[in-house]
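Values below: all heavy atoms of this structure, side chains included; hydrogens, waters and symmetry mates excluded. These figures come from a predicted structure and were not determined experimentally. Just so it is clear: chains get the letters A, B, ... in the order the sequence lines come, proteins before strands, and each one is counted from 1.
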Protein chains: 2
Amino acid sequence: MTSTLGFAILAVLARGERTGYDIATAMRRPIAFFWTARHSQIHAELQKLLAAGFVGYEARQGPGPQGKKVYHVTAEGSLALREWVTEPPRERPERDELVLKTYASWVAGPAEIRQMFADQLAAHEARLAEYEREGELIGKPPGFGDPRFGNYAALRCGIGYERHRAEWCRWMIDQLSESLNPSWEAAKPSEP
Amino acid sequence: MTSTLGFAILAVLARGERTGYDIATAMRRPIAFFWTARHSQIHAELQKLLAAGFVGYEARQGPGPQGKKVYHVTAEGSLALREWVTEPPRERPERDELVLKTYASWVAGPAEIRQMFADQLAAHEARLAEYEREGELIGKPPGFGDPRFGNYAALRCGIGYERHRAEWCRWMIDQLSESLNPSWEAAKPSEP
DNA sequence: CGCCACTATGTCACAACTGACATAGTGGCG
DNA sequence: CGCCACTATGTCAGTTGTGACATAGTGGCG
C-alpha cells in the first residue's frame, strides 16, 4: 500500500516533527545518498500518509500562502514503519549510467573515456573525504536504539561505496593508460 | 531527446543485431547489474529509436502474431551512442531500500535486523562467487576496442560492489551482535 | 495429440518521478 | 525601501517504469 517513499518520510519523521520543507531538505543532504525526492512528490506522499492515518499535522503560522504544517508520526505510522523495517528489501534494479557507458565504451576513444573516469575519480574522492570528516565528527558508533545509529550505519555504507567506486575508477584509468601507451598503439593498425 | 534506456538498447545492438526479445533477455542476465527494463518498455523505446532513425529492422518469419523483427543500429544511431558515451553521466539518485531500512532500523529489535543482514550477506556472497567464476572464464582483460572489454569492466565493477556490500553487512552484523550480548542487555531496562 | 516451455510482439492502466510554474511571508543588506 | 535569499505549500503536464493481459508459432515430451 504505502510506497517506499512513504516509509522514507516516516523514517525522517520518526526522528522528530518536521514540515514538508524540512523533509525535502533532509532528502537533499543526509539522506540523498540512499533516497531522494522533490518537494512536489513529498507533499503528494504526505497526503497519502495522512489519508492512511500514518501521520498527522499541526497548522502553525509561517511563510507561504497556507502557513506551515508541522507533521508527526502517529502510533499507526510508527507500527507500520517498525514492520516495514524488518521485511526483506525487495530487489530494486540498479540503474547506473556510468557502468552503462563503460559497457558501451569500446565504441569511443580511450583518451575521452579516461578523462571521464578521471573526473569521476575526483568526485568520488571529494565525497569520500567529506563523509570521512563527517564520520570523525560522530566519533565512535552510537548504540543500537539511538537514532544516530541509523545515520552512522548509512554513512559507513556510503564510505565503503565511495572507496569501491574510486578503486574501480583507478583500475579503469590503469587499463585505459595501457591502451594509450605506444607499445599498445603499435600493435594495432593505425594511420601511417 | 533519447532516454538512457534508448542508449542501453543501442549499446546492446552495437554488439550485433537482436530482436526485442533478445534485448529483454540481455537486460535480465548480464546487463541487469546496471540497467533493467521489461519487454513492454523495450518495445516502446524501440519505436522511438526507429522514429529517430537510430535503429532499423528487418522483418523475418518467426513466432508470434507479427513474426519477428531483427533490429540493428544505423550510422546515426552509432554516432549518437559514441557521443553519449563520452558525456559525463548525470547524477542519478541512488535508491537503496536496504540502507533506508538501516537508517530507520533503530525503531526495531536488533535481532530481527541482524537476521535481515545475515540474509543479505548470504545473497551478496553468492552473487560475488558467481561473478568471480564468470571473471575467471574470461581470464585476462580484453583490450580496449573489443566489445568484451565493456563486459569485463562492468563485471569488475560488480565484483567490487558485492565485496563492499558484503563487508558492510559483516560490519552491521558485528555491531548488532554487540547490542545483543548480555553486557549490553544488562545496561538497558528490560523485562525481569 | 494435447500440453508445456520458450520465443516473440504488442497494448493498457497505473504508479512513480521530474521540472516548471504559482504564491507568499520573513529577515538581512545596502 | 527595494531586492534577494530562504522558508513554505501546492498544482500540473509530461516522462519513465511496472504488471497484467492478449496473441501466436515452434519443438519436445509422454
Side-chain angles (χ1 to χ4, degrees), chain A residues 1-9 12-13 17-29 31-32 34-52 55 57-71 90-97 100, chain B residues 1-9 12-13 17-29 31-32 34-52 55 57-71 90-97 100:
Chain A
M1 182 79 211
T2 304
S3 69
T4 307
L5 174 61
F7 289 111
I9 291 171
V12 174
L13 288 181
E17 52 173 41
R18 299 273 191 303
T19 65
Y21 184 88
D22 291 335
I23 297 167
T25 306
M27 295 265 170
R28 267 203 306 276
R29 255 266 291 167
I31 307 183
F34 50 90
W35 211 268
T36 58
R38 311 281 168 172
H39 79 273
S40 57
Q41 214 188 333
I42 288 165
H43 285 300
E45 192 65 38
L46 279 169
Q47 296 308 309
K48 287 185 200 169
L49 291 172
L50 211 54
V55 300
Y57 72 87
E58 204 189 321
R60 298 211 191 135
Q61 58 185 15
Q66 293 91 8
K68 65 153 91 173
K69 293 174 181 173
V70 180
Y71 289 89
R90 53 176 212 151
E91 296 278 341
R92 282 241 165 201
E94 290 266 350
R95 288 216 161 87
D96 195 320
E97 218 174 277
L100 182 57
Chain B
M1 184 76 211
T2 304
S3 70
T4 307
L5 174 62
F7 289 110
I9 290 171
V12 174
L13 289 182
E17 51 173 42
R18 298 276 182 335
T19 65
Y21 184 88
D22 290 334
I23 297 167
T25 306
M27 295 263 172
R28 268 203 305 274
R29 255 266 291 168
I31 306 184
F34 50 91
W35 211 270
T36 58
R38 311 281 168 172
H39 79 270
S40 58
Q41 214 187 336
I42 288 166
H43 285 300
E45 192 65 35
L46 279 169
Q47 295 310 309
K48 288 183 198 170
L49 290 172
L50 210 54
V55 300
Y57 71 87
E58 203 190 322
R60 299 210 190 134
Q61 58 185 16
Q66 292 89 9
K68 65 155 88 172
K69 293 173 180 175
V70 181
Y71 290 89
R90 52 176 213 152
E91 296 278 343
R92 282 242 165 199
E94 290 266 351
R95 289 217 161 86
D96 195 321
E97 217 172 278
L100 182 56

**Study point:** Presence of Lys68(A) side-chain N/O under 4.0 Å of dA24(C) phosphate oxygens OP1/OP2
**Key:** no
**Study point:** dT16(D) phosphate, OP1 or OP2, under 4.0 Å from Arg95(A) side-chain N/O
**Key:** no
Practice item. Would you indicate which nucleotide in dC17(C), dG17(D), dT9(D) comes nearest to any side-chain atom of Lys69(A)? Key: dT9(D)
Review point. Out of dC6(C), dT18(C), dA8(D), which has the shortest distance to the side chain of Pro93(B)?
Key: dT18(C)
Check your understanding: Which value, rounded to the nearest 0.5 Å, describes the distance between Glu58(B) atom CD and Lys68(B) atom NZ?
Key -> 10.5 Å
**Study point:** Neighbour count above 12 (heavy atom, 6.0 Å) for Gln47(B) CD
**Key:** yes
Check your understanding: So do the side chains of Trp35(A) and Thr4(A) get within less than 4.5 Å of each other, counting heavy atoms only?
Key -> yes
Check your understanding: Please give, in whole Å, the distance from dT23(D) P to His43(B) NE2?
Key -> 17 Å
Check your understanding: To the nearest Å, how far apart are Tyr71(B) OH and dA8(C) C1'?
Key -> 11 Å
Revision key, fill the gap. Between OH of Tyr21(B) and P of dT7(C) the distance, given in whole Å, is 4 Å
Check your understanding: From the list dA8(D), dT9(C), dG17(D), which nucleotide is the closest neighbour of the side chain of Thr19(A)?
Key -> dA8(D)
Study note, to complete from the structure: Ranking dA8(D), dC17(C), dG10(C) by distance to the side chain of Asp22(A), first place goes to dA8(D)
**Study point:** Contact check, side chains of Arg90(A) and Arg92(A), non-hydrogen atoms, under 4.5 Å
**Key:** yes
**Study point:** Rounded interatomic separation in angstrom, taking CD from Gln47(B) and C1' from dG17(D)
**Key:** 17 Å
Revision key, fill the gap. To the nearest angstrom, the CZ-P distance between Arg28(B) and dG17(D) comes to 18 Å
Practice item. Report yes if some heavy atom in the side chain of Ile9(A) is under 4.5 Å from a heavy atom in the side chain of Met27(A); otherwise report no. Key: yes
Check your understanding: Ile42(A) and Gly20(A): which non-hydrogen atoms are nearest, and at how many Å?
Key -> CG2-O, 4.1 Å
Revision key, fill the gap. Separation of dT7(D) atom P from Gln61(A) atom CD, nearest Å, is 18 Å
Exercise for review: Starting at atom CD of Gln66(A), determine the distance to atom C1' of dT23(C), rounded to an integer number of angstrom.
Suggested key: 8 Å
Practice item. Send over the distance from Leu46(B) CG to dT11(C) P, rounded to a whole Å. Key: 12 Å
Check your understanding: Out of curiosity, Ile31(B) CD1 to Glu94(A) CD, how far, rounded to the nearest 0.5 Å?
Key -> 14.5 Å
Dump every N/O contact between nucleotides 19-21 of chain D and the protein below 3.5 Å, one line per pair.
from, atom 1, to, atom 2, distance (Å)
dG19(D), OP2, Arg38(B), NH2, 2.9
dG19(D), O6, Ser40(B), OG, 3.1

Exercise for review: Enter the distance from Arg38(A):CZ to Gln41(A):CD here, rounded to the nearest 0.5 Å.
Suggested key: 9.5 Å
Revision key, fill the gap. Closest heavy-atom pair, Leu5(B) versus Ala37(B), reported as atoms and distance to 0.1 Å, is CD1-CB, 3.6 Å
Practice item. Please determine if a side-chain N or O atom of Lys48(B) lies less than 4.0 Å away from the OP1 or OP2 oxygen of dT16(D). Key: yes
Check your understanding: Going by distance alone, is a donor N or O of one side chain under 3.5 Å from an acceptor N or O of the other, for Asp22(B) and Thr19(B)?
Key -> yes
Study note, to complete from the structure: The dot-bracket string of DNA chain C, counting Watson-Crick and G-U wobble pairs with both distances under 3.5 Å, using [ ] for crossing pairs and | for pairs to another strand, is ||||||||||||||||||||||||||||||
